Structure formats: C-alpha cells, structure tokens
Amino acid sequence: MTELYAVILITLLAVISPGADFAIVTKNSYLYGKKTGLLTAVGISLGVLTHVTYTLFAIGFVMAYTPYILNFIKYIGAFYLVYIGYKTFTQAIILDQNSSQTLTPFSALKYGFFTNALNPKTTLFVISTYTQIVSPQTNEFLLIGYGLFMSFAHFIWFGILAIVFSTQNLRQKMIQKQKVINKIIGSILTVLGISLLFVSFK
C-alpha cells in the first residue's frame, strides 16, 4: 500500500507541474475548442503509455543506456519544442471563436503525443518511478496498472484544462488577446527547448 500511495502522489505531482504539455493543451483548447483540447490530452496520455511501455519491456536496457537514451530524447525533444514554439509565436491571428480555422483530430493527437513522448521530464518520471519506487517483486499486472494510472491521470488533468480553457467566456477573452498569449506560450516552449539543448550539450 505504501508503494501504491507513493506512485499516486508522485504521479499527481508530475501531472500538475507546469510544462510543455500544459502549454500545448492551453493553446489548442482556447484557439480550437474543447474537442481539439481533449484530443490533445488523449495524445499526451498516449505519450505517457509510450514511456511506460519501453520502460516495462526493456527496463534493463533502458537503465544500462539511460544517459544515451535521455540525451537522444533531449535533442529531438528540444528541437521539437523550439519548432512548435516558433510556430505558436508566429501563428496567424484567429479573429473570433467562430473562425473556420481548425486543427484536424490527427494533428491535435500528434501535437499532444509528440510533446509528451519527446519530453525527457516524463521519461525521467516514468523510469525513476519504476526503478526507485516500485519494488522488483511487484506483480506484473500491478506494474501495468501503475502505467495505466499514470496515463489516465494525465488525460484527466489535461482534459479538465481543455474544458476550462475552451469555455465560451474564457475562450472569447483569450482569443481577443491571442496575439499576446500566443507569443507568451511560444516563448515558453522555445525557452524550454533551448534550455534542454544547453543541458544536453553539457
């Protein structure tokens, strides 16, 4: 039970800590609406499952080569964050919430998935949870259950954010100030990406 509580607590803290996932859900929700925001949240939860899957199936390999794997993810993830940060910073203005400009369901899933799957913060969170918190004797079904909980917790949290930021009144206010908001979100994503690059090259 102590292990279970530890996994739940660490997961909740990891989920609510601000980062790239928060930024991309906020942007997609207020610009394109609740459905797009929720699909982005689904993409994020699928990204978490990716981390869980390779950790469970290759935990020995992952731990033996963790520095190399993390560095590779950092490089790719850093460039990806800089790219979507630039795209957000320079994104064309949507005049009102009834604009015909949309984001396809696949694109929403893609943004959420790659933002999380290439995020070394999530990599470290999942690997450290399974290697430092979870006992080697833990039943394999419980290990899978932990992974599903991590994914589900991400979906619930970011799903709530998607609903909040896509509510009519708040969305309208944010759309009216979208030029500033996009530049703020774009700057945050870009700074996160550049920071990862500096850390990776140390």
Side-chain angles (χ1 to χ4, degrees), residues 15-16 18-54 72-123 126 147-148 150-194 196:
V15 169
I16 65 176
D21 292 341
F22 181 91
I24 201 67
V25 169
T26 300
K27 173 202 164 188
N28 284 354
S29 299
Y30 95 83
L31 281 180
Y32 305 110
K34 181 171 65 176
K35 180 181 178 180
T36 299
L38 289 173
L39 285 171
T40 305
V42 171
I44 290 172
S45 67
L46 292 176
V48 175
L49 283 182
T50 300
H51 294 291
V52 171
T53 300
Y54 69 66
F72 177 74
I73 293 175
K74 284 178 182 177
Y75 296 142
I76 301 300
F79 284 116
Y80 182 74
L81 288 180
V82 171
Y83 168 73
I84 62 175
Y86 170 77
K87 295 285 287 184
T88 300
F89 192 90
T90 60
Q91 184 168 6
I93 300 300
I94 298 176
L95 296 180
D96 59 69
Q97 63 177 326
N98 297 316
S99 169
S100 60
Q101 184 172 343
T102 59
L103 194 66
T104 65
F106 176 76
S107 294
L109 282 169
K110 179 186 69 175
Y111 276 119
F113 176 79
F114 283 112
T115 298
N116 184 274
L118 298 176
N119 189 345
K121 181 185 117 176
T122 310
T123 304
V126 174
L148 292 175
M150 293 175 189
S151 175
F152 185 68
H154 278 75
F155 170 71
I156 291 298
W157 172 249
F158 291 111
I160 291 173
L161 291 181
I163 293 172
V164 170
F165 286 114
S166 63
T167 54
Q168 185 174 0
N169 291 337
L170 180 58
R171 187 184 176 205
Q172 185 62 49
K173 291 178 181 178
M174 294 180 75
I175 285 178
Q176 290 172 356
K177 299 181 182 298
Q178 64 184 282
K179 185 175 182 180
V180 174
I181 294 175
N182 280 358
K183 290 188 181 301
I184 292 173
I185 293 176
S187 298
I188 291 173
L189 291 170
T190 302
V191 168
L192 285 172
I194 293 175
L196 284 175

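In this text the structure is predicted, and so the values were computed from the model without any measurement.
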query: Taking the side chain as C-beta and beyond, is there a heavy-atom pair between I194 and V82 under 4.5 Å?
result: yes
- prompt: What are the two closest non-hydrogen atoms of L103 and T36, and how far apart are they?
  reply: CD2-CG2, 3.9 Å
- prompt: Between the main-chain N or O of T26 and the side-chain N or O of S29, is there a donor-acceptor pair closer than 3.5 Å?
  reply: no
- prompt: Looking only at atom types and distance, does a side-chain atom of R171 sit under 3.5 Å from a main-chain N or O of F165, one as donor and one as acceptor?
  reply: no
message: So T40 and F158, do their side chains get closer than 4.5 Å, heavy atoms only?
response: no
- request: Compare every heavy atom of V126 with every heavy atom of M150, then report the nearest pair and how far apart it is.
  value: SD-CG2, 4.4 Å
query: Taking atom NZ of K34 as the centre, does the number of heavy atoms from other residues, nucleotides or ligands within less than 6.0 Å exceed 12?
result: no
query: What is the ring orientation for F155 with F152, classed by angle as parallel under 30°, tilted 30 to 60°, or perpendicular over 60°?
result: tilted
message: If you compare all heavy atoms of T115 against all heavy atoms of A20, which two are closest, and at what distance to 0.1 Å?
response: CG2-CB, 3.7 Å
Shortest non-hydrogen contact between Y30 and I185, atoms and distance: CE2-CD1, 4.4 Å
task: Taking the side chain as every heavy atom from C-beta outward, state whether Y111 and N28 have any atom pair closer than 4.5 Å.
output: yes
message: If you compare all heavy atoms of N116 against all heavy atoms of G47, which two are closest, and at what distance to 0.1 Å?
response: OD1-C, 3.1 Å
- prompt: Counting only N and O atoms by type, is there a donor-acceptor contact under 3.5 Å from the side chain of S45 to the main-chain atoms of S151?
  reply: no
- prompt: What is the minimum heavy-atom distance between G37 and A162, and which atoms define it?
  reply: C-CB, 3.4 Å
